[in-house]
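Below is one structure, written out as structure tokens; the observations come after it.
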Amino acid sequence: MMLPTGTGKSICYQLAGYYLEGLAIIVSPLLSLMQDQVEQMKMKGEKRVVALNSFLSYEEKQAVLSQLSAYHYLFVSPEMLQQEQVLAALKQQKIALFVVDEAHCISQWGYDFRPDYLSLGAVRAALADPVTMALTATATAAVRKDIVTKLQLNQDHFKEWIYSIDRPNIALSTQIFQTQKEKEAALIETVRLQKKPGIIYFSSKKKAEEIAALLAKELQIKVAAYHGDVEAMDRMKLQQQFLHDDIELICATSAFGMGINKGNIRFVLHYHLPSNIEAYLQEIGRAGRDGGPSIAYLFYQKGDEQIHHQLRENELPEDDLLEMAYQNGITAIEEQVNEVQYRFVKNQLNQGISLADAKKQRNELIGKKKKQLNEMLDYIQTAQCKRAELLKHFGEELKQQLENCCQSCGINLTEYQEKERVIQEKTQEENADWQAYLLKMFNLC
DNA sequence: CGGACTGTTGCTACCAACAGTCCGGTGCCGTAGT
């Protein structure tokens with residue numbers, strides 16, 4: 001099922017699981033998503049729900065596994081399903097429903113970053129081919145086909161529910177800059193005028209931190225940086241603060257997003273371009289969930305794509321490393337490769353793939369990523385309607401002409417901007433408020 | 001890969017031209033050590 005976030009993806013498996021006999025397994029990509037879901041379901045009165053993950057101690061995990069029949073919903077990561085003990089315990093149960101949430105992860109992460117996503121098909125087979133539901137908000141036709149194949153769904157017995165990816169209330173702005181200075185100046189000006197809250201996306205953790213500090217200083221707004229190096233506890237806090245409008249702006253890498261359910265995000269700005277169009281759509285799709293007028297800005301400067309070239313080249317092992325691993329075993333290259341490279345080689349070896357095929361698969365994957373980045377660059381450059389381009393990528397056609405559509409069709413920016421006078425009054429008022437509050441707290445007035 | 005930044009050279013007094021260096025994402029798991 002492909003349907004936009006906020007339209008009730010969770011209820012699809014919750015309701016089905018409720019009426020079916022047996023256990024519903026929900027595969028989820030993030031621990032925080034699992035915890036959220038479990039908490040929400042418990043709050044609504046469903047107690048037979050548990051998340052089996054590394055938050056549990058050894059004893060707790062054993063306890064869950066030994067009394068699986070007491071549960072109706074089980075949240076797990078794809079990695080957890082690879083553990084023999086877990087799979088063995090699940091095999092003893094009647095599986096009512098096998099759900100893959102955020103199913104685009106299969107295609108997006110399975111080939112390198114999180115290979116256990118590709119083994120979900122084997123898990124399904126081991127569980128005697130249970131009824132399966134794959135859910136996502138953004139997947140191209142190719143990705144959907146990949147999901148069906150990798151999950152080993154019966155080609156004749158599956159049905160797709162596909163909804164439009166178009167978000168008419170999000171205007172699509174793209175701007176091209178000659179130097180970094182120009183881009184930064186435009187960023188400050190845009191953020192100053194733009195209605196908040198908002199998210200700014202970066203391809204670099206360092207840049208996210210840097211700009212967060214700059215904006216805090218220049219505009220005196222409540223802003224925080226969010227990326228993979230931020231501690232889990234701090235991440236949770238930031239999410240909560242953002243959710244409650246205590247923080248009005250987040251400077252983030254792609255780490256920020258999944259599971260962010262906030263209605264009033266008024267803009268998403270890309271300081272760096274994302275690595276592909278689907279990622280772009282996912283990221284801008286976090287704006288305007290409440291249906292209110294929102295805008296996506298994409299700032300591009302020639303050369304910005306180099307980050308992605310470099311990341312891609314470092315991601316997978318070169319020929320010499322592959323050859324060494326195939327000759328002398330995986331341990332021979334352990335010291336020279338990163339975790340993702342190591343796992344890629346290990347997987348190829350474990351699956352008995354030949355050296356020539358391993359090289360071929362690596363090259364195909366790199367080629368696919370190059371193509372995806374080029375599509376992103378084409379989108380930035382095109383003088384055609386941006387919305388029509390995005391829709392075309394997902395096999396859709398633009399049906400209606402919008403008033404505020406995109407850079408090519410024209411956007412009336414004032415629709416999305418604060419009136420500066422109002423901001424200043426508000427800030428002064430807020431300042432007075434917290435100062436008075438502090439004084440009162442310390443009994444100074 | 002190519003822009004941004006830093007340091008050196010070269011010619012001559014303040015700075016232009018060039019060479020060299022650096023950058024750079026996403027999460028699960030188990031285990032060891034603090």
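Side chains included, hydrogens not; waters and symmetry mates left out as well; all remaining heavy atoms used. The sequence lines fix the lettering, A, B, ..., with proteins before strands; numbering per chain opens at 1.
Residue A/Ser77 places at least one side-chain N or O closer than 4.0 Å to OP1 or OP2 of B/dC29. Checking the phosphate oxygens (OP1, OP2) of B/dG3, a side-chain nitrogen or oxygen of A/Lys302 falls inside 4.0 Å.
Taking 4.0 Å as the cut-off between side-chain N and carboxylate O, A/Arg312 and A/Glu315 do not count as a salt-bridged pair. Electrostatic pairing of A/Lys386 and A/Glu389 does not count as a salt bridge here, judged by no charged N lying under 4.0 Å from a carboxylate O.
No side-chain heavy atom of A/Leu23 sits under 4.5 Å from any side-chain heavy atom of A/Lys94.
Residue A/Pro29 is in sugar-phosphate contact alone, with no base atom involved, counting any heavy-atom pair closer than 4.0 Å across all strands shown. Among the atoms of the strands shown, only primed sugar atoms or phosphate atoms (P, OP1, OP2) are found under 4.0 Å from some heavy atom of A/Gln301. Among the heavy atoms of the strands lying under 4.0 Å from A/His227 are primed sugar atoms or P, OP1, OP2 only; no base atom is included. Residue-level contact check: A/Gln82 touches neither bases nor backbone, having no heavy atom under 4.0 Å from any strand. A/Arg312 comes within contact range of no nucleotide atom at all, as no heavy-atom separation falls under 4.0 Å. Within the 4.0 angstrom heavy-atom criterion, no nucleotide atom of any strand lies near A/Gln178. A/Lys207 comes within 4.0 angstrom of nothing in the nucleic acid, heavy atoms only. Counting non-hydrogen atoms under 4.0 angstrom, A/Gly303 reaches nothing in the nucleic acid. Among the protein residues, A/Asn314 comes within range of no part of the nucleic acid, since none of its heavy atoms lies under 4.0 Å from any strand. Among the protein residues, A/Gln306 comes within range of the nucleic acid bases, having at least one heavy atom under 4.0 Å from a base atom. The residue A/Lys61 sits close only to the backbone: its heavy atoms come under 4.0 Å of sugar-phosphate atoms, none of a base.
What separates CG of A/Leu316 from C1' of B/dG25 is a distance of 14 Å, to the nearest Å. In this structure, the CD atom of A/Glu60 is 13 Å from the P atom of B/dG30, given to the nearest Å. Counting to the nearest Å, the C1' atom of B/dG30 and the CZ atom of A/Phe55 are 15 Å from each other.
Screening A/Arg266, A/Lys196, A/Lys262, A/Lys222 against A/Asp245 for a salt bridge (Lys or Arg N to Asp or Glu O under 4.0 Å) leaves a single residue, A/Lys262.
Listed by chain and residue number, nothing satisfies the salt bridge (charged side-chain N to carboxylate O under 4.0 Å, His left out) test with A/Glu283 (two or more places apart in sequence, or in another chain).
Both tests hold for A/Lys368 against A/Tyr111: distance to the six-membered ring centre under 6.0 Å, angle to the ring axis within 45°. Cation-pi contact between A/Lys183 and A/Tyr271: present, with separation from the ring centre below 6.0 Å and deviation from the ring axis of at most 45°.
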- Dot-bracket, DNA chain B: Watson-Crick or G-U, under 3.5 angstrom, [ ] crossing, | other strand? .(((((((((....)))))))))...........
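Between the side chains of A/Thr138 and A/Glu278, no donor-acceptor pair is found at a separation under 3.5 Å.
Ring-to-base geometry places A/Phe113 in a stacked arrangement with B/dT26 (centre distance under 5.5 Å, plane angle under 30°).
Remark: the A/Gln310 side chain and the B/dC23 base include no donor-acceptor N/O pair separated by less than 3.5 Å.
Rounded to whole Å, the separation between the C1' atoms of B/dC11 and B/dC15 comes to 10 Å.
Residue-to-nucleotide proximity on DNA chain B shows that, of A/Thr179 and A/Asp229, the 5′-proximal contact is made by A/Thr179.
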